[in-house]
Amino acid sequence: MSKQFSRRGMLKTSFLGSLAAGLATFAGTSQAAEPKKDEKEVYDAIILGAGPAGLVTAIAAKQAGAKKVVVFEKKDRPDGNAIFALGSVCGWGARHQKEQGIQDTAEAFYAMMMDVSKQMGDPALNKVYTDHIPADIDWLEQDIGVKFKKIRPMPYPRLGRTCRVDGEGLTGGAQLVKKLLAAAQKNGVEVKFEHKGIELLHDDKMNVTGVKIQTPEGQKEFLSKGGVAIATGGFSANPEMVDKYIGGWATRMVLRGSKSTTGENISLTMPLYTKFVNMDQFHSGPIVKETHVNPADVLNSGYGIQVTTSGDRYMDENNTYVIKARTTAQKTLDNKAWVIVDSTCPVLEGVVAKFDRLNSPYGKADTIEALAKQVGLPEKKIVKAVEDYNNAVKNSTLDKLTPPNTYKKPHLIEKGPFYAIPLNGGMTATFGGPLINTKAEIQNLDGKSIPGLYAVGNSAGGIFFHNSAGGAQLGAATVFGRIAGKEMAQRASQAK
């Protein structure tokens with residue numbers, strides 16, 4: 001398949017087209033006179049990364065009174081995970097939810113957040129998220145102009161908690177970035193593209209005072225009264241870090257998001273003796289490597305069996321798509337598997353339409369044997385795997401299969417045509433990073449805050465472990481971005 005037809009290519013092309021005029025407005029945004037040679041430009045707040053977390057931080061700093069705020073983005077455009085995302089914000093108690101009759105409580109929401117993280121998420125950080133998210137969703141809607149779609153209640157843990165951004169022709173995440181860029185401009189935030197942070201500046205007491213930036217003209221140093229916020233995302237696109245912190249098997253996963261999340265949250269902060277947490281944790285999901293089509297719906301359908309390219313079942317099909325994607329990468333050398341279903345699978349129509357739209361290959365045949373032959377799977381093994389599964393369904397012995405299957409309401413695979421849907425395990429975002437406190441301040445190995453250094457969004461560690469509820473990553477970016485912005489503005493106001 002040619003590159004221009006891939007999901008990634010289509011998303012980025014449409015996003016960049018819509019932003020072309022907007023990005024041009026940032027050229028020459030700063031009205032300040034250029035500093036003299038060797039004179040360092042001073043800001044009230046410096047933010048690294050122009051994704052939702054960084055832009056929210058910058059806007060919040062401005063709204064809290066910071067006079068001179070800048071966002072440095074290493075690419076020539078916003079290029080983080082958000083532009084590929086559906087754009088959901090997970091929360092409770094917001095106006096958008098109350099108007100639709102969604103009933104929820106802080107206690108229930110907090111319990112869900114901790115449950116999803118297997119009780120390993122930082123309790124204080126998750127409590128702050130819970131307490132702040134209602135007002136922060138309102139802020140996105142009322143101050144930033146974000147439009148949310150009508151809420152569709154879903155199974156636990158989402159329920160009525162997912163506020164999905166209306167993409168208006170883009171992904172919801174891309175539209176969110178677009179709205180935040182416009183709000184940043186309106187609030188007088190400078191956004192400088194092709195400005196990559198390469199070193200944090202600090203005094204002899206380890207107070208962060210600024211950052212060294214690689215610019216198109218060379219390296220320059222910028223100072224900040226309010227400190228520096230790291231909003232560069234995680235390290236999912238850095239194979240060396242993925243291998244070091246997660247394992248070699250994870251380097252074979254397909255990137256579901258940005259190629260620009262290369263671990264500056266680690267490399268920039270490590271020299272300051274930062275405490276890193278949850279470094280082996282990440283969010284995963286299924287993807288088709290060649291076309292970036294997402295087959296998650298069929299994996300979540302409760303239908304069919306999942307087999308390797310050798311024709312073996314290798315896991316309990318009653319897992320979530322997150323676990324299925326991760327297990328595929330862990331248990332197969334080629335990080336590839338197939339879902340075998342029949343025509344009774346209720347989500348097939350939508351999944352197949354998506355594959356057809358992006359010219360993404362899949363198998364379809366009138367018999368299991370023909371299906372296996374069509375997609376290059378060992379025919380006899382696949383026929384036997386389906387027969388064994390069907391017999392176990394009829395005899396209520398799914399738990400005796402190897403590996404066991406725990407479907408609560410299993411469905412036979414017997415009505416043609418039959419389908420083989422491919423998948424690769426994909427990595428969406430890493431959860432590990434510098435531990436922050438409830439003020440978004442980065443902590444050092446001595447258990448103290450590093451003065452003037454903040455982390456927000458997927459750059460921060462401590463909030464998530466094992467998994468995250470749908471939309472919680474953008475929710476955390478908003479909550480802690482607003483907190484960091486206010487803290488930086490206050491710090492700048494107290495600077496001598």
Is the backbone of [Y] close enough, under 3.5 Å, to the side chain of [X] for a donor and an acceptor to pair up by distance?
X: Glu190; Y: Val70; result: no
X: Asn335; Y: Gly425; result: yes
X: Asp446; Y: Lys448; result: no
X: Asn187; Y: Ala183; result: yes

Partners meeting ring pair (Phe, Tyr, Trp, His ring centres under 6.0 Å) with His96 (sequence neighbours left out):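 In terms of ring pair (Phe, Tyr, Trp, His ring centres under 6.0 Å), with neighbours along the sequence ignored, His96 is linked to Phe148.
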
Ring pair (Phe, Tyr, Trp, His ring centres under 6.0 Å) partners of Phe464, counting only residues at least two apart: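 Once residues adjacent in sequence are excluded, the partners of Phe464 under the ring pair (Phe, Tyr, Trp, His ring centres under 6.0 Å) criterion are Phe431.
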
Does one side chain, of [X] or [Y], offer a donor that lies under 3.5 Å from an acceptor on the other?
X: Glu441; Y: Ser449; result: yes
X: Asp136; Y: Thr478; result: no
X: Tyr110; Y: Asp131; result: no
X: Thr162; Y: Ser88; result: no

Salt bridge (Lys or Arg N to Asp or Glu O under 4.0 Å) evaluation trace for Glu41 with Lys220: CA-CA 9 Å; Glu41 194 164 2; Lys220 298 180 182 179; over 6 Å; no

Lys74 and Glu264 ion-paired at < 4.0 Å: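 So Lys74 pairs with Glu264 through a salt bridge.
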
Aromatic ring proximity, centroids under 6.0 angstrom, Tyr245 and Phe276: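 No, too far apart.
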
Tyr43 six-ring centre to Lys68 NZ/CZ under 6.0 Å and within 45° of normal: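 Positive - Lys68 is close enough to the ring of Tyr43 and near enough to its axis.
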
